[in-house]
Amino acid sequence: MKGEIMMTQPCVLYIIIPCYNEESVLPLTAPVFLDKLREMTEKKLISDESRILFVNDGSWDGTWQIISGLARQDRHYIGISQSRNRGHQNAVLAGLMEAKDRCDITISIDCDGQDDPNAMEEMVRQYRSGYEIVYGVRSRRETDTFFKRFTAESFYRLLSWMGVEVVFNHADYRLISNRVLNELQGFREVNIYLRGMIPLIGFRSTEVPYERHERLAGDSHYPLSKMLSLAFDGITSLSVKPIRMIASLGVFVSILSFILIIWCVAQYFLGNTVPGWSSLCAIVCFVGGIQLVSLGIIGEYIGKIYLETKARPRYIISERTYEDNESVQGQPVSAKNQTDEMSGKRGGEAT
Ligand code: UDP
Ligand code: MG
């Protein structure tokens with residue numbers, strides 16, 4: 001069994017770090033990740049073949065230059081660049097698939113220093129004791145604003161109410177083994193929401209708590225509008241409950257209308273037919289509103305089906321700091337026009 005070998009031998013770890021316009025924070029956090037990697041290597045938890053893999057998500061600032069510079073400095077730093085910005089989830093997926101055949105385990109972590117890198121060691125230990133997935137779970141959210149904490153926690157509750165299995169207060173800081181990555185490859189959807197997809201894969205999983213810090217520099221790329229769109233995507237990618245709710249609402253409104261019709265007929269026989277213009281207007285507006293909202297939600301699902309049937313690649317890697325098949329120090333290797341599709345994988349435009 002591979003898992004048993006892992007317990008005695010240091011395993012190859014790839015730390016996957018998505019970066020989007022992070023030139024101000026990367027020079028601060030990159031050495032922290034490297035120190036952590038060295039520390040774990042010295043403790044013989046991971047092998048010296050482990051790497052820090054930056055995924056440049058189509059940044060328009062100097063992020064890729066910094067990543068290329070780091071790759072020249074130390075062979076443990078490597079990087080890939082997406083041909084354009086595709087969003088955090090696609091960037092993480094690109095990194096995971098790039099690492100899949102090169103390592104035993106991956107840990108995905110944000111590059112802004114908010115996720116405590118010290119939790120990685122415990123994650124690796126949990127893997128070595130037999131867990132295939134280790135979720136980093138925020139133990140405190142004090143550094144987040146009340147608004148961010150409230151919206152994030154309400155979102156987790158809403159998701160589980162919608163029937164999407166998510167780990168409470170877990171973002172995308174997690175360890176997954178090569179075995180899980182191989183299964184993840186079989187999830188062909190292009191509207192990806194990793195937090196909801198990974199629990200569906202199964203295998204033994206556990207949680208490691210960590211403290212969420214302040215961003216070391218730069219600003220969050222998740223303003224309210226992006227957070228809402230991620231929440232909406234998460235729900236509509238993984239749950240059909242909203243459609244069922246529309247159906248239930250339809251039944252409810254129909255029953256209400258039926259009662260109203262009886263009331264109208266009764267009013268007719270009582271001779272009160274002229275008044276009632278306002279109630280009629282209200283009903284027409286109410287039903288019209290419900291119909292439009294329902295159509296919108298159904299439209300969202302149809303839009304997702306549309307993207308899935310297009311089967312576009314989920315990410316396109318334009319450059320690497322190394323050759324595709326081997327690790328090379330030095331000059332970034334340009335692999336322009338190279339479409340990186342996982343074997344048989346399909347894609348789309350969802351971010
Ligand atoms: N990120 C990305 N593509 C994007 C937006 C963000 O790769 O389109 C990366 C970003 O560089 C960071 C991580 O995703 O490493 C989390 O983003 P951010 O810190 O802005 O989000 P927050 O922590 O505020 O939710
Ligand atoms: Mg952040």
Side-chain angles (χ1 to χ4, degrees), residues 14-30 32-33 52-67 70 77 79-99 106-117 119-120 136-138 140-156 159 166 169-174 191-195 210-234 314-319 348-351:
Y14 268 51
I15 303 175
I16 314 293
I17 309 177
C19 309
Y20 177 52
N21 293 342
E22 301 283 13
E23 63 178 5
S24 57
V25 82
L26 213 48
L28 304 175
T29 51
V32 178
F33 293 123
I52 297 166
L53 170 60
F54 295 105
V55 184
N56 172 36
D57 186 19
S59 308
W60 40 260
D61 68 358
T63 301
W64 180 241
Q65 284 68 32
I66 295 174
I67 294 173
L70 288 168
Y77 290 125
I80 56 175
S81 187
Q82 296 222 81
S83 60
R84 53 158 295 171
N85 179 248
R86 300 295 293 267
H88 176 219
Q89 298 290 301
N90 295 65
V92 174
L93 184 75
L96 291 176
M97 290 304 140
E98 181 74 7
T106 57
I107 294 181
S108 47
I109 185 169
D110 290 354
C111 75
D112 55 12
Q114 285 193 283
D115 300 332
D116 181 9
M120 283 192 217
V137 174
R138 294 167 196 178
R140 297 186 313 154
R141 296 193 74 122
E142 265 117 67
T143 50
D144 281 347
T145 59
F146 170 78
F147 179 72
K148 173 103 191 182
R149 199 163 67 215
F150 175 75
T151 46
E153 291 186 353
S154 316
F155 170 49
Y156 289 116
L159 272 183
V166 280
N169 266 339
H170 158 72
D172 282 294
Y173 186 16
R174 76 176 85 77
N191 297 290
I192 47 172
Y193 186 64
L194 290 168
R195 278 171 241 184
Y210 71 94
E211 278 179 23
R212 176 112 165 139
H213 300 143
E214 299 263 20
R215 212 172 212 284
L216 285 179
D219 293 318
S220 167
H221 302 288
Y222 274 94
L224 182 65
S225 57
K226 247 187 165 177
M227 251 158 55
L228 286 177
S229 116
L230 182 72
F232 200 63
D233 274 350
R314 297 189 281 188
Y315 55 85
I316 296 170
I317 295 171
S318 57
E319 277 172 278
E349 236 171 26
T351 52

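When a ligand or atom number is given, it counts from 1 through the structure's own listing order. These numbers come from the heavy atoms of this one structure, side chains and all, not from hydrogens, waters or symmetry mates.
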Problem set entry | Residue, atom name and distance, where the atom is the protein heavy atom closest to atom 9 (C) of ligand 1 | Pro18 O, 3.9 Å
Seminar exercise, completed: The closest protein heavy-atom partner of atom 20 (O) of ligand 1 is His221 N, 2.5 Å
Exercise. So which heavy atom on Asp110 is nearest to which on Asp115, and how close?
Worked result: N-OD2, 3.5 Å
Exercise. Can you tell which part of Asp110 has a heavy atom less than 4.0 Å from ligand 1: side chain, backbone, both or neither?
Worked result: both
Exercise. Between the side chain of Thr63 and the main-chain N/O of Tyr20, is any donor-acceptor distance below 3.5 Å?
Worked result: no
Exercise. To the nearest 0.1 Å, how far is atom 25 (O) of ligand 1 from its closest protein heavy atom, and which atom is that?
Worked result: Lys148 NZ, 3.2 Å
For this session: For atom 21 (O) of ligand 1, grab the closest protein heavy atom and report residue, atom and distance to one decimal in Å.
Result: Tyr222 CD1, 3.2 Å
Problem set entry | Under 3.5 Å: donor-acceptor pair, side chain of Asn169, backbone of Val137 | no
For this session: For Asp112, take its heavy atoms, then give the atoms of ligand 1 lying under 4.0 Å from any of them.
Result: 19 (O), 23 (O)
Exercise. Considering only N, O or S atoms, which atom of Asp112 is nearest to the Mg ion (ligand 2)?
Worked result: OD2
Exercise. What part of Cys19 sits under 4.0 Å from ligand 1 if we count only heavy atoms: the side chain, the backbone, both or neither?
Worked result: backbone
For this session: Report yes if some N/O of Ala91 lies less than 3.5 Å from some N/O of ligand 1; otherwise report no.
Result: no
For this session: Please report which non-hydrogen protein atom sits nearest to atom 11 (O) of ligand 1, along with the residue it belongs to and the distance in Å to one decimal place.
Result: Glu22 OE2, 2.6 Å
For this session: Using only heavy-atom distances, determine whether the side chains of Gln89 and Asp233 contain a donor-acceptor pair under 3.5 Å.
Result: no
Exercise. Taking non-hydrogen atoms only, is Gln114 closer than 4.0 angstrom to ligand 1 via side chain, backbone, both or neither?
Worked result: side chain
Exercise. Stepwise, does the side chain to side chain contact (heavy atoms under 4.5 Å, CB included) test hold for Arg138 with Glu211?
Worked result: CA-CA 6 Å; Arg138 294 167 196 178; Glu211 278 179 23; over 6 Å; no
For this session: Kindly indicate, with the supporting measurements, whether the criterion side chain to side chain contact (heavy atoms under 4.5 Å, CB included) is fulfilled by Leu194 and Leu93.
Result: CA-CA 8 Å; Leu194 290 168; Leu93 184 75; 4.3 Å; yes
For this session: Give the contacting part of His88 toward ligand 1: side chain, backbone, both or neither, where contact means a heavy-atom distance below 4.0 Å.
Result: both
Problem set entry | Leu53 side chain near Ile80 side chain, heavy-atom distance below 4.5 Å | yes
Problem set entry | Beyond-backbone contact of Asp57 with Pro18, side-chain heavy atoms, under 4.5 angstrom | no
Exercise. Under 4.0 Å from any heavy atom of Asn85, which atoms of ligand 1 are there?
Worked result: 3 (N), 4 (C), 8 (O)
Exercise. What is the closest protein heavy atom to atom 24 (O) of ligand 1, and at what distance does it sit?
Worked result: Ser220 OG, 2.5 Å
For this session: Could you check atom 1 (N) of ligand 1 against the protein and tell me its nearest heavy-atom contact, residue, atom and distance included?
Result: Tyr20 CB, 3.7 Å
Exercise. How does Asn21 reach ligand 1, if at all, at less than 4.0 Å between non-hydrogen atoms: by side chain, backbone, both, or neither?
Worked result: neither
Exercise. Just wondering, do Ile317 and Ser81 contact through their side chains at under 4.5 Å, heavy atoms?
Worked result: no
Exercise. What residue and heavy atom of the protein are closest to atom 3 (N) of ligand 1, and at what distance?
Worked result: Asp57 OD2, 2.6 Å
Problem set entry | Side-chain touch Phe54/Leu26, heavy atoms, less than 4.5 angstrom | yes
Exercise. Tell me, do Met120 and Tyr173 make a side-chain contact under 4.5 Å, heavy atoms counted?
Worked result: yes
Problem set entry | Mode of Gln89 contact toward ligand 1 - side chain, backbone, both, neither (heavy atoms, under 4.0 Å) | neither
